[in-house]
Amino acid sequence: MFFKFLQNSSDIFTDGDFVLINGEIEVYQPRVDLTLRVRSMTKEGLGNISVEIQALRKMLESEGLFDQSRKRILPKFPKSISVITSPNSSAWEDIKKTISDRYPLVNINLISTIMQGGNCEEDVVRSVNYANQLGIDDLILISRGGGSEEDLMPFNLEKISRAIFSSNIPIITGIGHEDDFTTSDMVADARGLTPTSAAQLAVPDLNQLKEYMKRMNTDINKSFEFYIKNKSPLLSNLNTSISNFFEKNIINY
């Protein structure tokens with residue numbers, strides 16, 4: 001696909017801008033070329049906000065908030081998890097089911113939170129701080145389902161990112177769908193592609209652990225059997241040597 005612009009707009013638009021294009025599409029059949037002739041192009045929707053997000057990410061990166069070296073290690077066998085999400089969301093239902101199926105030994109605490117709109121940013125920060133104040137959890141999971149870019153916008157803003165960074169408890173995010181990638185995901189200790197994926201990262205699979213233990217038990221038994229089978233002649237010889245030794249010494253005595 002080829003794009004042919006009527007004028008150079010590089011001094012007006014920057015990477016990340018959302019634009020509304022007015023023009024014509026032409027198709028050249030012999031080469032199957034598609035040409036877009038742009039008559040006008042204006043910034044649309046989240047264009048300016050996208051630039052601000054990139055600027056924020058550069059600032060946070062310079063402060064080390066994205067560094068892998070500072071990310072906390074997730075507990076292998078958490079005892080208690082706080083889930084920050086909306087209680088009426090499909091994300092909450094998916095997380096409950098996934099964790100219950102995989103690892104029913106863990107305690108799940110729902111922290112009811114507004115996950116979109118004007119009050120979302122402050123409410124998520126409040127929930128993160130609340131979980132840290134309680135201090136009963138091994139892990140925090142922040143999650144919501146998919147939505148428009150406007151719906152996910154609070155997770156691209158500074159306050160939630162800094163709250164995640166400042167948490168004393170490791171945090172997993174599961175925000176939106178696979179293609180959605182927010183600033184909060186970049187700061188979090190781990191990112192799930194979906195709420196279900198985030199729940200899978202949070203806990204081990206108990207059934208898999210049981211199968212692993214069965215295999216380990218079988219392998220150990222086989223090792224003992226092999227060892228005993230191969231060492232039996234040596235043990236028999238040793239027993240004979242010991243008997244001979246005592247018999248000889250008793251007779252001499």
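Index from 1, following the sequence. Every heavy atom of this structure was used, including side-chain atoms; hydrogens, water molecules and symmetry mates were not.
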Sequence neighbours excluded, the answer for side-chain hydrogen bond (donor to acceptor under 3.5 Å, both in side chains) partners of Thr113 is Ser127
Residues at least two apart in sequence or cross-chain that pass side-chain hydrogen bond (donor to acceptor under 3.5 Å, both in side chains) with Asp123, listed by chain then number, are Arg126
Would you give the length of the straight line joining atom CG of Asp67 to atom CG of Leu60, rounded to the nearest 0.5 angstrom? 11.5 Å
Taking all atoms of both residues into account, what is the closest heavy-atom pair of Pro104 and Leu206, and its distance? CD-CD2, 4.1 Å
Could you pull out the closest heavy-atom pair between Ser184 and Ile164, with the gap in Å? CB-CD1, 3.7 Å
Minimal heavy-atom distance between Met115 and Ser86, with the atoms involved, is CG-N, 3.6 Å
From Phe155 CZ over to Ile53 CD1, what is the distance, rounded to the nearest 0.5 angstrom? 13.0 Å
Quick one: do Ile108 and Ile111 end up in the same hydrophobic cluster if we chain Ile, Leu, Val, Met, Phe, Trp and Tyr together by side-chain heavy atoms under 4.5 Å apart? no
Tell me every residue that passes side chain to side chain contact (heavy atoms under 4.5 Å, CB included) with Asp189, counting only those two or more places apart in sequence or in another chain. Arg70, Lys71, Arg72, Leu74, Pro170, Ile171
Looking at Ser161 and Leu157, would you say the former's side chain and the latter's main chain have a donor-acceptor pair under 3.5 Å? yes
Rounded to the nearest 0.5 Å, what's the gap from CD on Glu52 to CD on Glu158? Could you check? 12.0 Å
Tell me, please, which residues at least two apart from Asn119 pass side chain to side chain contact (heavy atoms under 4.5 Å, CB included). Ile114
Do Leu65 and Phe181 belong together in a cluster built from hydrophobic side chains that touch within less than 4.5 Å? yes
Look at the side-chain heavy atoms of Ile, Leu, Val, Met, Phe, Trp and Tyr, link any pair under 4.5 Å apart, and say whether Met59 and Phe165 land in one connected group. yes
Sorted by chain and number, sequence neighbours left out, side chain to side chain contact (heavy atoms under 4.5 Å, CB included) with Glu122 holds for Lys159
Taking it one step at a time, do Asn132 and Ile140 satisfy side-chain contact (heavy atoms from CB on, under 4.5 Å)? CA-CA 9 Å; Asn132 276 270; Ile140 297 173; 3.9 Å; yes
Grouping I, L, V, M, F, W and Y whenever their side-chain heavy atoms are under 4.5 Å apart, do Ile172 and Val187 come out in a common cluster? no
Side-chain heavy atoms of Val203 within contact of Ile81, under 4.5 Å: yes
Can you give me every donor-acceptor pair (side chain of residues 91-98, partner residue at least two apart or in another chain, under 3.5 Å) with its distance?
unit_1: Lys97; atom_1: NZ; unit_2: Asp101; atom_2: OD2; d: 2.8
unit_1: Thr98; atom_1: OG1; unit_2: Asp94; atom_2: O; d: 2.7

Leu134, Val106: one ILVMFWY side-chain cluster at the under-4.5 Å cut-off? no
Exercise: identify the closest heavy-atom pair between Ser143 and Thr85: O-OG1, 2.7 Å
Does the pair Gln208 and Glu211 meet the rule for a side-chain contact (heavy atoms from CB on, under 4.5 Å), with working shown? CA-CA 5 Å; Gln208 288 184 0; Glu211 288 299 320; 5.6 Å; no
Verdict with supporting geometry, Ile160 and Val125, side-chain contact (heavy atoms from CB on, under 4.5 Å): CA-CA 6 Å; Ile160 295 179; Val125 170; 4.2 Å; yes
Roughly how far, to the nearest 0.5 Å, is the OG atom of Ser167 from the CD1 atom of Ile142? 8.0 Å
With rounding to the nearest 0.5 angstrom, report the CG to CD1 distance, Asp151 to Ile175. 12.5 Å
Pair Asp138, Ser80: side-chain N/O donor-acceptor within cut-off below 3.5 Å: no
With Lys79 via side-chain hydrogen bond (donor to acceptor under 3.5 Å, both in side chains) - residues at least two apart: none
Mind checking the CG-CD1 spacing from Asp137 to Ile169? Nearest 0.5 Å is all I need. 5.5 Å
Does Pro87 have any side chain to side chain contact (heavy atoms under 4.5 Å, CB included) partners at least two apart in sequence or in another chain, and if so, which? Leu110, Ser112
Salt bridge (charged side-chain N to carboxylate O under 4.0 Å, His left out) involving Glu63 - partner list, sequence neighbours excluded: Arg162
Quick check: do Ile136 and Asn107 have side-chain heavy atoms less than 4.5 Å from each other? no
List in chain and number order the residues that pass side-chain hydrogen bond (donor to acceptor under 3.5 Å, both in side chains) with Asn129, two or more places apart in sequence or in another chain; answer none if no residue qualifies. none
Is there a donor in the side chain of Asn156 and an acceptor in the side chain of Thr183, or the other way round, less than 3.5 Å apart? yes
Please tabulate, for side-chain N and O atoms in residues 190-200, each donor-acceptor pair with protein atoms closer than 3.5 Å (sequence neighbours left out).
unit_1: Arg191; atom_1: NH2; unit_2: Glu178; atom_2: O; d: 3.0
unit_1: Arg191; atom_1: NH2; unit_2: Asp180; atom_2: O; d: 2.6
unit_1: Thr194; atom_1: OG1; unit_2: Ser197; atom_2: N; d: 3.1
unit_1: Ser197; atom_1: OG; unit_2: Leu193; atom_2: N; d: 3.3

